[in-house]
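Lettering follows sequence order; numbering is per chain, from 1.
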Number of protein chains: 2
Amino acid sequence: MPVTLNTTDPDFETRFLAMLSAKREDSSDVNDVVAAIIADVRARGDAVLCELTARFDRLDLTPDRLRFSAEEIDDTIARVSAEDRAALSLAAERIRAYHARQMPEDASWTDPEGATLGWRWSPVGAAGLYVPGGQAAYPSSVLMNAIPARVAGVKRLVICVPTPDGVVNPLVLLAARLAGVDEIYRVGGAQAVAAMAYGTATIAPVDKITGPGNAYVAAAKRQVFGRVGIDMIAGPSEVLVIAEGAQNPDWLALDLLAQAEHDADAQSILVTTDAGLADEVAKAVDRILPDLPRSAIAAASWRDYGTIIVARDLAEAAALSNRVAPEHLELCVDDPEALARDCVHAGAIFLGAYTPEAVGDYVSGPNHVLPTARSARFSSGLSVLDFLKRTTMAHLTPGALAAIGPAAMRLAASEGLQAHGASVEARLARLNEGGTE
Amino acid sequence: MPVTLNTTDPDFETRFLAMLSAKREDSSDVNDVVAAIIADVRARGDAVLCELTARFDRLDLTPDRLRFSAEEIDDTIARVSAEDRAALSLAAERIRAYHARQMPEDASWTDPEGATLGWRWSPVGAAGLYVPGGQAAYPSSVLMNAIPARVAGVKRLVICVPTPDGVVNPLVLLAARLAGVDEIYRVGGAQAVAAMAYGTATIAPVDKITGPGNAYVAAAKRQVFGRVGIDMIAGPSEVLVIAEGAQNPDWLALDLLAQAEHDADAQSILVTTDAGLADEVAKAVDRILPDLPRSAIAAASWRDYGTIIVARDLAEAAALSNRVAPEHLELCVDDPEALARDCVHAGAIFLGAYTPEAVGDYVSGPNHVLPTARSARFSSGLSVLDFLKRTTMAHLTPGALAAIGPAAMRLAASEGLQAHGASVEARLARLNEGGTE
């Protein structure tokens with residue numbers, strides 16, 4: 001059980017800083033292995049995918065079997081229960097509805113000088129989604145990655161998912177179906193990322209790769225970045241719960257444990273203004289934890305990274321939360337809207353006692369791919385914008401060039417770029433001759 | 001002079017692919033040197049900044065002299081001519097006006113189930129702008145980086161600029177003044193990036209670092225990424241010009257040379273539907289080039305990377321442009337708006353004969369920090385959004401949780417995350433008892 005910190009303790013700042021800077025992830029250096037795999041995939045393509053799939057997933061494939069056939073997908077999806085299907089469909093619809101509102105607007109206007117300016121958003125041509133295999137094959141992640149891409153208008157969407165011993169989670173294929181993805185390859189690891197980035201005879205290259213994965217997948221995404229776009233490299237998950245005294249300690253304990261059961265490196269933090277509640281939540285965690293199927297994982301997370309902080313008031317709690325910049329922030333207080341205004345650095349905020357973080361993982365609508373490890377200070381969760389890019393537009397009339405061109409010539413001269421200035425000057429000379437081409 | 005390719009040549013595809021995949025930049029590996037500098041700055045702070053500034057910039061400083069004083073800034077800015085001041089002010093105002101329109105809206109709505117959903121944008125707490133010294137100290141880049149941050153509402157803005165032999169470009173300080181930045185340090189290189197990312201006694205850390213720099217600066221930005229946010233790592237600049245027959249060959253030649261004079265690794269591409277115009281432009285380039293002050297740089301760029309392509313028609317030209325995904329795209333054709341609709345991958349589009357790319361570098365208003373090296377397929381130029389992050393919000397009523405919570409429980413069970421489901425179930429149990437806490 002973690003020790004409870006009190007902001008009035010003389011050593012609080014030291015211990016809070018230690019918590020903030022604690023490293024919660026092994027930085028296993030797999031860069032050389034991954035670089036070799038990428039080079040091999042670039043050189044020998046599908047053959048490498050088949051070899052590595054045989055070695056790591058114990059699955060013998062020929063290139064024509066890398067992709068799931070329509071029949072295989074249909075047959076696998078048919079095994080999903082009606083209840084699971086209904087739940088996943090509800091999630092898909094709510095995620096779609098939320099993300100549809102994120103579509104940004106194009107803009108165009110003409111300023112007084114006669115320059116028509118603006119921008120235009122357009123989807124990336126093709127996106128590839130990595131889906132981990134085995135225990136971490138979360139169908140919810142398929143929805144959270146694929147639906148924003150679809151909403152953005154991405155025409156081609158690809159999924160790579162490893163299938164150890166040939167086993168695939170039927171809900172993963174159903175999630176792909178609900179998101180409208182039918183190009184699915186049974187390939188995992190760094191080789192899948194390499195194939196999506198550079199292409200093989202079977203897998204055409206994509207422009208953007210998203211999705212979670214292990215250290216090899218993360219390293220591969222870093223290495224192909226630049227060749228293609230990538231989403232963030234996610235670290236272990238974390239939640240910070242701010243609670244006042246009247247809250248139900250069992251609910252808070254379950255919310256902390258829901259985060260802890262993800263991963264032994266996950267972090268759950270409770271900040272409360274009530275020392276009595278702090279004690280009750282700590283006791284509730286100890287009572288509930290042993291009975292969880294994933295109690296070993298949750299216990300390790302809670303023991304190593306769990307933190308309870310007693311704060312003087314909600315203003316102090318918000319200030320501490322801003323320093324943590326948590327991925328998930330729960331506000332279990334009487335006036336969560338007011339407190340949310342003070343919490344400016346967080347990936348996602350869950351307001352009120354009836355919005356447990358778990359609903360955000362599945363069905364509330366906002367994306368569950370969120371910035372971890374304090375990066376909510378400067379980055380955002382996955383969204384439709386990640387699958388769009390913006391092209392700026394400018395169209396000057398001859399009069400507009402006459403109005404603002406001389407300033408450009410002046411600045412070009414100050415930067416020593418003569419051809420820049422001359423390209424403007426030549427056009428202005430034509431105007432001064434009375435012509436407009 | 002580069003060879004002219006014709007899309008009807010039998011080997012066109014091979015040669016076009018060779019051009020697309022040509023590496024235009026030395027990948028000097030400075031990672032180890034940079035890692036050592038970052039570690040040293042983290043360990044010894046200001047002392048390292050002073051030592052390296054003495055070594056590389058031949059400038060002896062004490063920590064209290066790292067920052068420009070208000071008097072130094074005032075005195076330096078006073079040396080700027082009225083004409084330069086007016087030009088830079090015009091640029092600043094136009095950049096501000098353009099970027100002000102990029103501010104995204106917050107959103108909040110309540111769905112039929114009773115879930116209030118939405119998101120809120122907020123600025124990063126502090127941003128650091130790297131400004132190269134010497135020849136590449138472009139005041140226009142100061143405006144293009146600092147103004148979007150200001151528009152986003154970033155409260156603290158920091159500039160680091162090396163001042164070799166103590167010399168600073170007065171226009172750089174004026175640009176900082178116009179953008180409202182007064183915290184300016186005479187520190188450059190990887191050590192400046194390390195200081196902004198980790199902080200020293202003198203320089204408080206920032207949350208996001210943007211701005212161009214040499215290989216050391218670029219490597220440092222990559223290495224501190226995660227600790228702070230960074231903008232893109234820019235490669236050599238490039239322009240693609242699509243022109244029809246009636247265009248002025250001298251203007252087109254100057255536009256190609258304006259790009260080439262930036263850097264020997266820059267690339268200028270002309271795609272025209274008129275073989276005669278291709279010849280005329282090539283001749284105009286050869287005529288104009290020798291007289292440019294930066295002719296050696298421009299000649300190397302044009303010789304090594306310059307390309308002229310004769311296409312069958314504008315549709316083919318647009319398709320080629322989409323494969324290049326150029327940083328800058330000029331459409332010197334009769335109906336540039338129509339052609340722009342077909343050009344879906346480009347950082348910035350300049351429409352019509354009176355919109356030379358050079359106005360976009362300075363005064364048109366859109367940002368001149370744009371995706372290079374084909375990355376316009378998946379990324380966008382610098383904008384206000386780079387200095388904001390989005391927090392998603394969800395607030396469920398008890399009724400909303402009753403409506404969508406069971407689906408979350410079902411999916412949590414399918415993913416083997418029992419505490420997730422239990423955190424929802426405990427609340428629903430309370431509702432079934434008739435209470436709402």
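- Taking Gly226(A), Ala258(A), Ala376(A), Ala253(A) one by one and counting their heavy-atom pairs under 4.5 Å with chain B, the maximum is reached by Ala258(A).
- In terms of heavy-atom pairs under 4.5 angstrom with chain B, the leader among Gly125(A), Gly365(A), Gly381(A), Ala413(A) is Gly381(A).
- Contact annotation for Ser122(B): only side-chain heavy atoms (C-beta onward) come within less than 4.5 Å of a heavy atom of chain A.
- Using a 4.5 Å cut-off between heavy atoms, Thr397(B) contacts chain A through its backbone alone, with no side-chain atom that close.
- If you measure heavy-atom distances from Glu425(B) to chain A, you find no contacts under 4.5 Å at all.
- Here Gly347(A) is the residue among Pro366(A), Ser375(A), Gly352(A), Gly347(A) with the most heavy-atom pairs under 4.5 Å with chain B.
- Heavy atoms of Asn322(B) lying under 4.5 Å from chain A are absent altogether.
- A 4.5 Å side-chain heavy-atom check between Ser379(B) and Lys389(A) finds every atom pair outside the cut-off.
- Closest approach of Thr355(A) to Ala394(B), counting heavy atoms only: CG2-O, 3.6 Å.
- For a residue to count as touching a neighbouring chain, one of its non-hydrogen atoms must lie under 4.5 Å from one of that chain's; by this rule Arg390(B) touches chain A with backbone and side chain alike.
- Contacts between Ala340(B) and chain A at a heavy-atom distance below 4.5 Å involve backbone atoms as well as side-chain atoms.
- Within the 4.5 angstrom heavy-atom criterion, atoms from both the backbone and the side chain of Arg377(A) approach chain B.
- We find the CZ-CG distance between Arg374(B) and Asp207(A) to be 8.0 Å, quoted to the nearest 0.5 Å.
- To the nearest 0.5 Å, atom CG of residue Asp250(B) and atom OG of residue Ser423(A) are 12.0 Å apart.
- The structure places CG of Leu292(B) at 10.5 Å from CG of Leu417(A), a figure rounded to the nearest 0.5 Å.
- Here Ser380(A) contributes atom OG and Leu385(B) contributes atom CG; the two are 8.5 Å apart, rounded to the nearest 0.5 Å.
- Trp119(B) touches chain A through backbone and side chain together, each having a heavy atom under 4.5 Å away.
- Contacts of Asp84(B) with chain A are made by both backbone and side-chain atoms, with heavy-atom separations under 4.5 Å.
- How far CG of Asp361(B) is from CG of Leu411(A): 10.5 Å, rounded to the nearest 0.5 Å.
- Heavy-atom pairs under 4.5 Å with chain B peak, among Val359(A), Leu289(A), Asp386(A), at Val359(A).
- Contacts between Val206(B) and chain A at a heavy-atom distance below 4.5 Å involve the backbone alone (N, CA, C, O).
- Counting heavy-atom pairs under 4.5 Å between each of His395(B), Met409(B), Glu337(B) and chain A puts His395(B) at the top.
- Counting heavy atoms from C-beta on, the side chains of His420(B) and His262(A) come closer than 4.5 Å.
- Counting heavy-atom pairs closer than 4.5 Å to chain A, the top residue among His345(B), Arg101(B), Glu83(B), Met393(B) is Arg101(B).
- Using a 4.5 Å cut-off between heavy atoms, Ala107(B) makes no contact with chain A at all.
- Between chain A and the residues Tyr98(B), Phe350(B), Phe387(B), the most heavy-atom pairs under 4.5 angstrom are made by Tyr98(B).
- When all heavy atoms of Arg427(B) and Ala353(A) are compared, the closest pair comes out as NE-O, 2.6 Å.
- Closest heavy-atom contact between Ala407(A) and Val363(B): CB-CG1, 4.0 Å.
- Of all the heavy atoms in Ala422(A) and Leu254(B), the pair that sits closest is O-CD1, 3.5 Å.
- Across Asp255(B), Val124(B), Leu90(B), the residue that shares the most heavy-atom pairs under 4.5 angstrom with chain A is Asp255(B).
- Both the backbone and the side chain of Gln102(B) have a heavy atom closer than 4.5 Å to some heavy atom of chain A.
- Heavy atoms of Leu428(B) lying under 4.5 Å from chain A are absent altogether.
- Contacts with chain A were tallied for Pro104(B), Ser383(B), Gly416(B), Ala400(B); Ser383(B) has the most, counting heavy-atom pairs under 4.5 Å.
- The shortest side-chain heavy-atom distance between Arg410(B) and Ser81(A) falls under the 4.5 Å cut-off.
- Heavy-atom distances place the side chain of Leu171(B), and not its backbone, under 4.5 Å from chain A.
- Chain B forms the most heavy-atom pairs under 4.5 Å with one residue out of Ala115(A), Pro293(A), Ala127(A), and that residue is Pro293(A).
- At least one side-chain heavy atom of Pro356(B) sits under 4.5 Å from a side-chain heavy atom of Leu401(A).
- Comparing Glu261(B), Arg227(B), Glu105(B) by heavy-atom pairs within less than 4.5 Å of chain A, the highest count is held by Glu261(B).
- Nearest heavy-atom pair, Tyr362(A) versus Glu415(B), reported as atom, atom and distance to 0.1 Å: OH-OE1, 3.0 Å.
- Judged as a salt bridge (charged side-chain N to carboxylate O under 4.0 Å, His left out), the pairs with a partner in residues 112-124 of chain B (not counting sequence neighbours) are, in order, Arg94(A)-Glu113(B).
- Both the backbone and the side chain of Pro139(B) come within less than 4.5 Å of a heavy atom of chain A.
- Heavy atoms only, all atoms of each residue included: Tyr354(B) and Leu396(A) are closest at O-CB, 3.4 Å.
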